[in-house]
Amino acid sequence: MEKKHRIRKSTEFKRAYVKGKNYWNRNFTLYIKKNDLNYTRFGIVVTKKLGKAVVRNKIKRKIREINRSLLPFLKEGYDIVLIPKKNTVDLSYEELKKSVEHIYNLAGILKR
RNA sequence: GGAGUAAGUUGUAUGGUCGCAUGCGAGAGCAUGAGGAAAGUCCGUGCUCCACAGAGCAAGAUGCUGGGUAAUACCCAGUGGGGGUGACCCUAAGGAUAGUGCAACAGAAAUAAACCGCCUUUAAUGGCAAGGGUGGAAAGGUGAGGUAAGAGCUCACCAGCAUUUAGGUGACUAAGUGGCUAUGUAAACCCCAUCUGGAGCAAGACCAAGUAGGAGCUACUAAAGAUAGUUGCUCGCUAUCGCUCCAAAGGUAGGUCGCUUGAGCAUAUUGGCGACAAUGUGCCUAGAUAGAUGACCAUAUAAACAGAACACGGCUUACAGACUUACUCGUUAC
RNA sequence: GCAGGUAUGGCGGAAUUGGCAGACGCGCUAGAUUCAGGUUCUAGUGAAGGUAACUUCAUGCAGGUUCGACUCCUGUUACCUGCA
């Protein structure tokens with residue numbers, strides 16, 4: 001995923017937390033905030049509770065890959081922050097993808 | 001082939017589709033892209049700032065000997081002690097005769113002596129310490145002589161201490177001589193020898209939105225004092241104390257650098273028992289900053305521990321499977 | 001990335017010149033009081049084995065020093081805190 005599709009600044013994360021709407025399901029917490037740009041940006045936050053560095057990296061990479069494949073089906077102009085929960089450690093790629101689609105559907109940012 | 005000891009290597013590969021980071025390129029694209037422990041942060045260095053780093057005290061570290069190294073608590077070669085039939089392994093291993101403290105309970109007594117006991121015809125305000133029991137530890141041990149009973153009182157061997165000679169750079173070893181001997185603990189304080197200034201790449205340097213203040217200069221008071229900083233403390237050191245001027249300066253968010261050519265890697269020769277050193281030749285091999293290696297498919301029986309964030313040298317800990325070399329024991333079931 | 005701290009029964013929390021581990025409180029169990037419950041009072045309460053007397057193991061885990069370790073030293077695991 002290119003750099004322009006990532007959230008990179010600490011202040012932008014904070015803005016999503018404070019001003020954005022949040023949604024959640026079994027596996028994720030999601031914060032969404034409209035940005036002033038005409039493209040969508042992602043942020044993934046993996047806390048130390050989920051495991052060691054190898055485990056955290058693996059989750060990040062899987063979610064990044066999922067977001068890349070879903071990008072054409074999302075509405076433009078949003079900052080999206082995804083926070084995986086503890087039980088995502090044991091999930092396969094396919095299960096993760098279903099869960100992410102589910103939570104995006106809840107938030108209403110999937111194109112029809 | 002069995003049981004074992006030591007050292008070492010490897011630790012997914014190949015192909016396809018999509019995708020990420022860095023460099024090069026106008027672009028298409030091309031090249032490169034985690035580890036043996038990248039980990040723990042336990043030591044040691046470089047590097048940066050604090051006065052290119054100072055004095056004393058305090059505090060801390062190391063602790064058999066000699067060597068290696070940029071340095072170390074690491075490594076190599078040895079010494080003493082302990083374990084194993086053996087290959088081999090383990091070892092915080094200076095000083096208890098510099099001083100102080102502590103040694104519960106038990107026991108007559110715990111760093112100094114007498115409860116029971118033995119002896120002198122009986123007995124002790126006398127002599128004795130062999131035997132008993134307690135304890136982690138009880139006044140050198142075993143045997144013989146000796147005696148009223150006993151005792152290093154005497155002798156032999158052993159242990160310990162002091163000392164002499166020989167060997168070794170040294171730890172120490174071997175032999176001799178001497179007087180007969182006061183437990184343990186220094187991972188208790190301490191003594192001795194050697195070493196250590198503090199903080200850390202979120203170090204630090206540069207650019208710089210917003211906000212609103214900031215800078216320069218000279219000398220009055222004058223080497224006194226106050227405040228702040230610098231190291232735990234004492235010194236020492238540094239900055240500030242008044243006047244004038246400017247619309248810029250300092251600096252937060254943010255950005256750029258630090259950031260990878262280095263005690264580097266490979267290889268050959270020489271010196272050294274070895275750690276290692278010297279010389280020659282060749283090579284350039286991640287550099288991110290919400291942080292790059294992933295997803296899916298095919299083949300191979302199965303594939304662990306685990307992910308760089310300034311760098312390097314060690315140590316420690318985690319680790320599936322596969323393989324190599326040297327050596328030891330045992331001796332026969334094939 | 002760097003710096004520091006904590007760990008003791010079911011829970012909180014004592015125990016330091018190194019000398020009987022589990023004080024004390026909460027909780028739990030049993031009994032008394034009551035028609036019943038609560039309150040109150042009394043007793044017990046780490047685990048395993050044993051009829052019992054009692055024995056063995058227990059201070060996160062693994063070693064070491066010491067006659068003796070919750071305490072001293074080394075390694076390690078988990079959790080917590082601070083630093084832009």
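Worth saying up front: this structure is predicted, and the values here are computed from it rather than measured. Heavy atoms only: backbone and side chains are in, while hydrogens, waters and symmetry mates are out. Throughout, a chain's letter reflects where its sequence line sits, starting with A, and its residues are numbered from 1.
- Between the side chains of A:Ser99 and A:Asn27, a donor-acceptor pair is found at a separation under 3.5 Å.
- At the heavy-atom level, A:Val46 lies nowhere under 4.0 Å from the strands shown.
- Taking the O4'-C1'-N9-C4 or O4'-C1'-N1-C2 dihedral as appropriate, B:U293 has a value more than 90° from 0 and is therefore anti.
- The partner of B:A277, taking Watson-Crick or G-U wobble pairs whose two distances both stay under 3.5 Å, is B:U270.
- For B:G294, the OP1/OP2 oxygens have no side-chain nitrogen or oxygen of A:Arg64 closer than 4.0 Å.
- With both pairing distances under 3.5 Å, B:U218 is matched to nothing as a Watson-Crick or G-U wobble pair.
- Within 6.0 Å of the NZ atom in A:Lys58, the count of heavy atoms belonging to other residues, nucleotides or ligands does not exceed 12.
- With centres under 5.5 Å and a plane angle under 30°, the ring of A:Phe13 is stacked against the base of B:A290.
- In this structure, A:Lys97 atom NZ and B:C296 atom C1' are separated by 10 Å, rounded to whole Å.
- The partner of B:G197, taking Watson-Crick or G-U wobble pairs whose two distances both stay under 3.5 Å, is B:C50.
- Pairing for B:U97 is absent, with no Watson-Crick or G-U wobble pair whose two atom distances lie under 3.5 Å.
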Please list, pair by pair, any protein nitrogen or oxygen found under 3.5 Å from a nitrogen or oxygen in nucleotides 77-83 of chain C.
none

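- With B:A295, B:A34, B:A290 as the candidates, the nucleotide lying closest to the side chain of A:Arg8 is B:A290.
- Secondary structure note: stems in RNA chain C built from 3 or more consecutive Watson-Crick or G-U wobble pairs under 3.5 Å occupy C:1-7 with C:77-83, C:10-12 with C:24-26, C:27-32 with C:40-45, C:46-49 with C:54-57, C:60-64 with C:72-76.
- Base pairing analysis places B:C24 opposite B:G29; the two distances defining the Watson-Crick or G-U wobble pair are each below 3.5 Å.
- For A:Arg6, the side-chain atoms get nearest to B:G291 when compared with the rest of B:G291, B:U289, B:G254.
- Nearest to the side-chain atoms of A:Asn57 among the listed nucleotides B:A34, B:A290, B:A295 stands B:A34.
- Here, B:A139 and B:U111 have their C1' atoms 10 Å apart, quoted to the whole Å.
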